[in-house]
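Report on the structure given below.
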Amino acid sequence: MSMKRFWPIALLIAFVLGMFAAGTYFEKNEEKERTAIPVKAELTIYTDLPSNLTTLLAQQYEMQYHVRLTMLPITEEQMATRMTLPASDQKGDLVITTRDNLDIGVKYNQLKPVLTEGVDEVSDRFKNNDALWVGIWYDPVVFAQSDSFYNRMGRYVTAWHSLILPGDWRVIMTDFVASRSAANILYSFVEMNGEEQGLHYFVDLKPHVVQYAKFLSTPIRLAALGETDLGIGNYSDGQQYVNHKYPVKIIFPADGTPYYLTGVGMLKGTTHEEEATQVIKWLLSKQVSQLLQDNGFYYVYTSPELPNPVDSLGRELVLWDTKGGYTEDGKKVLLDKWISQVRFRKDI
């Protein structure tokens with residue numbers, strides 16, 4: 001190869017190597033700039049939220065406030081047990097979990113009052129009377145209807161009481177044993193209507209049910225794909241399919257609906273009360289709702305400053321006035337009765 005032919009290739013190689021070196025240099029400089037700002041505090045948070053959600057929150061908070069949030073993931077069952085430990089054994093600053101688990105923390109004297117701007121504005125139904133915890137968002141139960149069913153007759157099947165009327169519609173719901181969030185539907189029906197009537201509702205619904213799904217998102221997904229007429233599931237899952245333009249309608253039950261409340265409490269043993277209070281204030285902010293929405297998490301927020309969602313009929317949510325608070329033993333008794341009297345009952 002002559003020198004004239006070699007030079008263009010050599011220049012190209014040199015250019016590529018130079019660009020690579022420059023990119024590496026700038027990346028290292030950016031990393032130095034990020035690490036140059038010292039972390040002002042480190043907080044430990046116990047949570048049973050999904051890890052992809054907690055990682056997003058922790059990264060955003062450290063970037064904005066230079067406070068490191070160490071998220072310790074545990075299951076809801078483990079959280080329930082942790083909330084019964086002696087306060088002296090509670091190492092950490094905050095807990096983010098369900099209302100039932102936060103109420104266990106109140107019962108066992110684990111939490112201290114949360115006194116910060118924003119908490120007062122949250123509706124009493126979403127917080128402890130003594131401000132020992134505050135709800136930050138909730139996930140209501142909705143009906144997801146395939147477009148074809150909605151256009152045929154679904155717009156008239158918009159309440160729990162109309163869902164059990166005679167008709168040929170097919171319903172998919174989650175097996176209550178498969179998910180604590182799904183089982184919350186059963187507990188809410190029993191709390192609102194009493195045990196006998198609450199269980200009997202699902203007996204009346206069973207002729208329509210073609211599948212008891214293992215995962216909470218499955219009923220919504222199958223409705224969005226047109227593989228069933230109606231799926232009973234969470235708003236957060238339904239809104240994902242709506243935003244991705246699937247042929248599905250989200251219906252808020254007109255006679256009210258259960259919801260799954262997530263809240264935050266401050267542990268008595270925290271040594272960072274000021275910083276922990278700032279985290280709670282941030283969790284209630286519009287900024288967090290926008291952050292989650294931008295990353296595909298769709299909840300309804302407890303702060304009155306944030307807009308209420310509407311369904312495909314333009315209606316706002318009607319929530320049941322439930323308090324929760326069933327013990328683990330009480331929940332097991334109800335689930336056992338549902339299994340024997342509804343799920344595997346043969347004469348329906």
Side-chain angles (χ1 to χ4, degrees), residues 123-126 135 137-174 176 181-194 196-210 216-217 219-224 226 228-243 246-261 298-302 304 306-324 342:
S123 168
D124 288 346
R125 74 189 305 168
F126 299 132
W137 59 69
Y138 58 95
D139 207 359
V141 179
V142 300
F143 301 159
Q145 297 184 1
S146 67
D147 271 6
S148 59
F149 175 64
Y150 175 83
N151 293 330
R152 178 164 55 91
M153 63 186 309
R155 68 189 71 193
Y156 308 111
V157 184
T158 61
W160 292 104
H161 76 264
S162 57
L163 189 59
I164 59 175
L165 294 175
D168 63 353
W169 51 84
R170 301 162 300 150
V171 174
I172 294 178
M173 59 187 291
T174 308
F176 291 151
S181 181
N184 185 62
I185 300 172
L186 172 64
Y187 310 146
S188 297
F189 265 86
V190 170
E191 183 176 344
M192 289 294 292
N193 303 292
E196 184 178 350
Q197 274 190 284
L199 284 165
H200 198 265
Y201 178 86
F202 297 102
V203 173
D204 291 338
L205 179 62
K206 190 169 183 180
H208 291 293
V209 177
V210 295
L216 197 61
S217 59
I220 303 286
R221 177 173 61 83
L222 293 180
T228 190
D229 296 319
L230 187 146
I232 299 172
N234 283 345
Y235 170 81
S236 59
D237 293 316
Q239 201 56 38
Q240 287 191 17
Y241 286 97
V242 169
N243 285 5
Y246 278 79
V248 65
K249 296 289 188 291
I250 301 303
I251 305 296
F252 297 161
D255 43 1
T257 197
Y259 62 98
Y260 205 61
L261 180 65
Y298 301 100
Y299 300 114
V300 186
Y301 297 88
T302 61
L306 299 171
N308 292 321
V310 295
D311 68 1
S312 297
L313 293 167
R315 304 174 310 173
E316 290 193 358
L317 274 162
V318 178
L319 298 178
W320 284 348
D321 189 20
T322 50
K323 307 296 182 187
V342 182

Exercise. With Y298, which residues qualify under ring pair (Phe, Tyr, Trp, His ring centres under 6.0 Å), at least two apart?
Worked result: none

For this session: Please list, chain by chain and in numerical order, all residues satisfying side-chain contact (heavy atoms from CB on, under 4.5 Å) with A223, sequence neighbours excluded.
Result: A144, T228

For this session: Report yes or no: does Q145 contribute a side-chain atom to a donor-acceptor pair with the main-chain N or O of G154 at less than 3.5 Å?
Result: yes

Exercise. To the nearest 0.5 Å, what is the distance between CG (D147) and CZ (F149)?
Worked result: 12.0 Å

Problem set entry | Atom pair CG/CD of N184 and E191 - distance to nearest 0.5 Å | 9.0 Å

Exercise. In chain order, what residues pass the side-chain contact (heavy atoms from CB on, under 4.5 Å) check against R125, with sequence neighbours excluded?
Worked result: S123, Y259, L319, D321

Problem set entry | Non-hydrogen atoms of Y301 and Y299 that approach each other most closely | CE1-O, 3.4 Å

Problem set entry | Expected output: side-chain D255 to main-chain A159 donor-acceptor under 3.5 Å | no

For this session: Specify the closest pair of heavy atoms between F143 and T158, including all atoms of both residues, with the distance to one decimal.
Result: CE1-C, 4.1 Å

Seminar exercise, completed: Residues I185 and I232: closest non-hydrogen pair is CD1-CG2, 4.3 Å

Exercise. Passes side chain to side chain contact (heavy atoms under 4.5 Å, CB included), M173 versus L205? Steps please.
Worked result: CA-CA 10 Å; M173 59 187 291; L205 179 62; 4.0 Å; yes

Exercise. Got a sec, which residues hit ring pair (Phe, Tyr, Trp, His ring centres under 6.0 Å) with F189, two or more places apart in sequence or on another chain?
Worked result: W160, Y201, F202, W320

Exercise. What residues, two or more places apart in sequence or in another chain, satisfy side-chain contact (heavy atoms from CB on, under 4.5 Å) together with S181?
Worked result: S179, L216, N234, Y260

Exercise. Between R221 and I172, is a side chain to side chain contact (heavy atoms under 4.5 Å, CB included) present by the stated rule, with each step listed?
Worked result: CA-CA 10 Å; R221 177 173 61 83; I172 294 178; over 6 Å; no

Problem set entry | Distance-minimising heavy-atom pair for I220 and G233 | CD1-CA, 3.7 Å

Seminar exercise, completed: Taking every heavy atom of R152 against every heavy atom of D229, the minimum-distance pair comes out as NH2-OD1, 3.7 Å

For this session: Apply side chain to side chain contact (heavy atoms under 4.5 Å, CB included) to Y138 and L317, showing your working.
Result: CA-CA 12 Å; Y138 58 95; L317 274 162; 4.2 Å; yes

Exercise. Going through the checks in order, is the side chain to side chain contact (heavy atoms under 4.5 Å, CB included) test met by V157 and L165?
Worked result: CA-CA 9 Å; V157 184; L165 294 175; over 6 Å; no

Problem set entry | Set of residues satisfying side-chain contact (heavy atoms from CB on, under 4.5 Å) with respect to D311, sequence neighbours excluded | I251, F252, L313, R315

For this session: Check whether any side-chain N or O of T257 sits under 3.5 Å from a backbone N or O of V141 as a donor-acceptor pair, and report yes or no.
Result: yes

For this session: Check for a donor-acceptor pair, side chain of T322 on one end and backbone N or O of S188 on the other, with a separation under 3.5 Å.
Result: no

